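Everything below concerns the one structure shown next.
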There are 2 protein chains.
Amino acid sequence: MSRPVRLLLADDHPVVRSGLRALLSTEPDLTVVAEAATAREAVAVCARESVDVVLMDLQFGSGMQGVEATAAIVARPDAPRVLVLTTYDTEADILAAVEAGATGYLLKDAPPEELAAAVRAAAAGRSALAPAVAHRLIDRVRAPGVALTPRESEVLRLVADGLSNQQISRRLHLSQATVKTHLVHVYGKLGVESRTAAVAVARERGLIRR
Amino acid sequence: MSRPVRLLLADDHPVVRSGLRALLSTEPDLTVVAEAATAREAVAVCARESVDVVLMDLQFGSGMQGVEATAAIVARPDAPRVLVLTTYDTEADILAAVEAGATGYLLKDAPPEELAAAVRAAAAGRSALAPAVAHRLIDRVRAPGVALTPRESEVLRLVADGLSNQQISRRLHLSQATVKTHLVHVYGKLGVESRTAAVAVARERGLIRR
DNA sequence: CCCGGGATCAACCCTTTGGTTGATGGCGGC
DNA sequence: GCCGCCATCAACCAAAGGGTTGATCCCGGG
């Protein structure tokens, strides 16, 4: 056993950062070297300090989100591993995080031992998926599942918030034509014919959280 | 300053419990005497131990939820105060918690000082609302309570299920014109301009449940 | 290297929805 | 008895949404 694993905690909740710090401090081979309360700060810390593993939340209150930060962090040479640690296990979120370059995906209600094990796995370059998350992915593969692309999910979520196509196009810096295209694809995949029906079905299948 | 405030932490996330414990341990007048990983356990602990304030999450994975536990805890004589501590601040959740007997309502992203202050306020019997939460309630009070008529609610619920005006008219044995009239009234009362927005607002205000 | 899928946009057409005006009947309260 | 509210419906117009075709670009896999 050589030097300890150097950790960065990136989460906008002070409670969560303290909790992780407390839980991980009992592990002699793990050291928390920094905390970040915003995604942007997490990227900055990784750029100037030597970090082995980042525990990254996906939701930050505003500004840059966890997925973007993950992509920015792993883009550099000698980048740390990023372990996504979030409350939800929506398929779209998991896929987006993995695509952005996350090494693993954990849920915040995971038992502490699982947490420490995942950090060690990530530090060693191995992938770490929480059992619950792994289950979802397996179900996903087995059920010819409705696989919405990240962009489609994003648009659908804004629809669920009551936005019009025009508002969505402005929010995402797209043309209305593109929004419509995404929605038509969503309707096809969900087997519906209107935006409200799509929202209803997506809610039922857990594709949308509030 | 007499004896310290005795706290119970009720949350299904080990990370959150540890975080709260760590953050509150720096306050000499506050003592965490127990933790509960389920709502049922929280009720049991309150029944057999002397607790002054309960920090209660609303969402537990399964089984009893925070609102029910809150009601059960405050029902007994000499009950501890319950401080709800959750991630979301939807109006429906806040109202439900307050109705169940919660003394205060905090968000998990609140700064640690605010947290400690709220606990002391609760212990002293004072109400504690996070500023963000208070804002919501004020908005709610200022906006006159939207009272949808029974028929309007019925139509809106079918809209939320994804039905078109035509489908609704058949389901309720009405003409489409009548459905439209009801919806226009609903839009006016909710302050929106489309059916999806109406569903979003209604969900937020708890006018619709799944 | 080509192919497929994701993401982007345009132009077109048709249907649905939203907004307005106006009208009828019933029910409850003052 | 009148007024207000709820519920019902019609006709009409403007706007938004839904459906189709087709096109470009980029990327990663075989």
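Only a predicted model underlies this, so the values are computations on that prediction, with no experimental measurement involved. Each chain gets a letter, A, B and so on, in the order the sequences are listed, and its residues count up from 1.
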Discussion item. Can you tell me whether the side chain of A:Lys180 and the base of D:dG17 have a donor-acceptor pair closer than 3.5 Å?
Written reply: no

Worksheet item: Taking only N and O in the side chain of B:His182, is any of them less than 4.0 Å away from OP1 or OP2 of D:dT8?
Response: yes

Item to complete: Let me know the distance between CD1 of A:Ile168 and C1' of D:dG18, rounded to the nearest Å.
Response: 14 Å

Discussion item. Counting the atoms with a prime plus P, OP1 and OP2 as sugar-phosphate, which does A:Thr178 contact under 4.0 Å by heavy atoms, base, sugar-phosphate, or nothing?
Written reply: base

Worksheet entry | Atom pair distance, as rounded to whole Å: CD in B:Glu154 and C1' in D:dT8 | 14 Å

Fill in: Test item: B:Gln167 side-chain N/O and B:Ser164 main-chain N/O as donor-acceptor pair under 3.5 Å
yes

Discussion item. Within the 4.0 Å heavy-atom criterion, would you say A:Ser194 contacts the bases, only the backbone, or no part of the nucleic acid?
Written reply: sugar-phosphate

Worksheet entry | Length of the line joining A:Arg151:CZ and C:dT8:C1', which is rounded to integer Å | 10 Å

Response to the item:
Whole-Å distance, B:His185 NE2 to C:dG18 C1', equals 13 Å

Worksheet item: Got a second to check how far B:Thr196's OG1 is from A:Leu163's CG, nearest 0.5 Å?
Response: 8.0 Å

Worksheet item: Reckon A:Tyr187 has a side-chain N or O less than 4.0 Å from the OP1 or OP2 of D:dG19?
Response: no

Worksheet entry | Side-chain donor or acceptor of A:Thr178 paired with backbone N/O of A:Leu174 under 3.5 Å | no

Worksheet item: Rounded to the nearest 0.5 Å, how far does CD of A:Glu35 lie from CG of A:Leu9?
Response: 5.5 Å

Worksheet item: Are OP1 or OP2 of C:dT17 and a side-chain N or O of B:Asn165 less than 4.0 angstrom apart?
Response: yes

Worksheet item: Rounded to the Å, how far apart are B:Glu193 CD and C:dG19 P?
Response: 6 Å

Worksheet item: Which whole-number value in Å describes the distance from B:Arg170 CZ to D:dC9 P?
Response: 14 Å

Practice prompt. Between B:Pro150 and B:Ala177, name the one whose nearest nucleotide on DNA chain D is closer to the 5' end.
Written response: B:Pro150

Worksheet item: Is B:Lys108 salt-bridged to B:Asp11, going by a charged N under 4.0 Å from an acidic O?
Response: yes

Discussion item. Can you tell me if A:Ser164 touches the phosphate of D:dA16, counting only side-chain N or O atoms and a distance under 4.0 Å to OP1 or OP2?
Written reply: no

Discussion item. In whole Å, I'd like the distance from the CD atom of A:Gln166 to the P atom of D:dA14.
Written reply: 19 Å

Worksheet item: With a 4.0 Å cut-off on heavy atoms, is B:Gln176 in touch with a base, just the backbone sugar-phosphate, or nothing at all?
Response: nothing

Worksheet entry | Interatomic distance where CG belongs to A:Leu148 and C1' belongs to C:dG6 [whole Å] | 13 Å

Fill in: Residue whose closest nucleotide on DNA chain C lies nearer the 5' end, B:Arg195 versus B:Thr181
B:Arg195

Discussion item. Suppose we call a contact any N or O donor and acceptor under 3.5 Å apart; does that hold for the side chain of B:Thr149 and the base of D:dC5?
Written reply: no

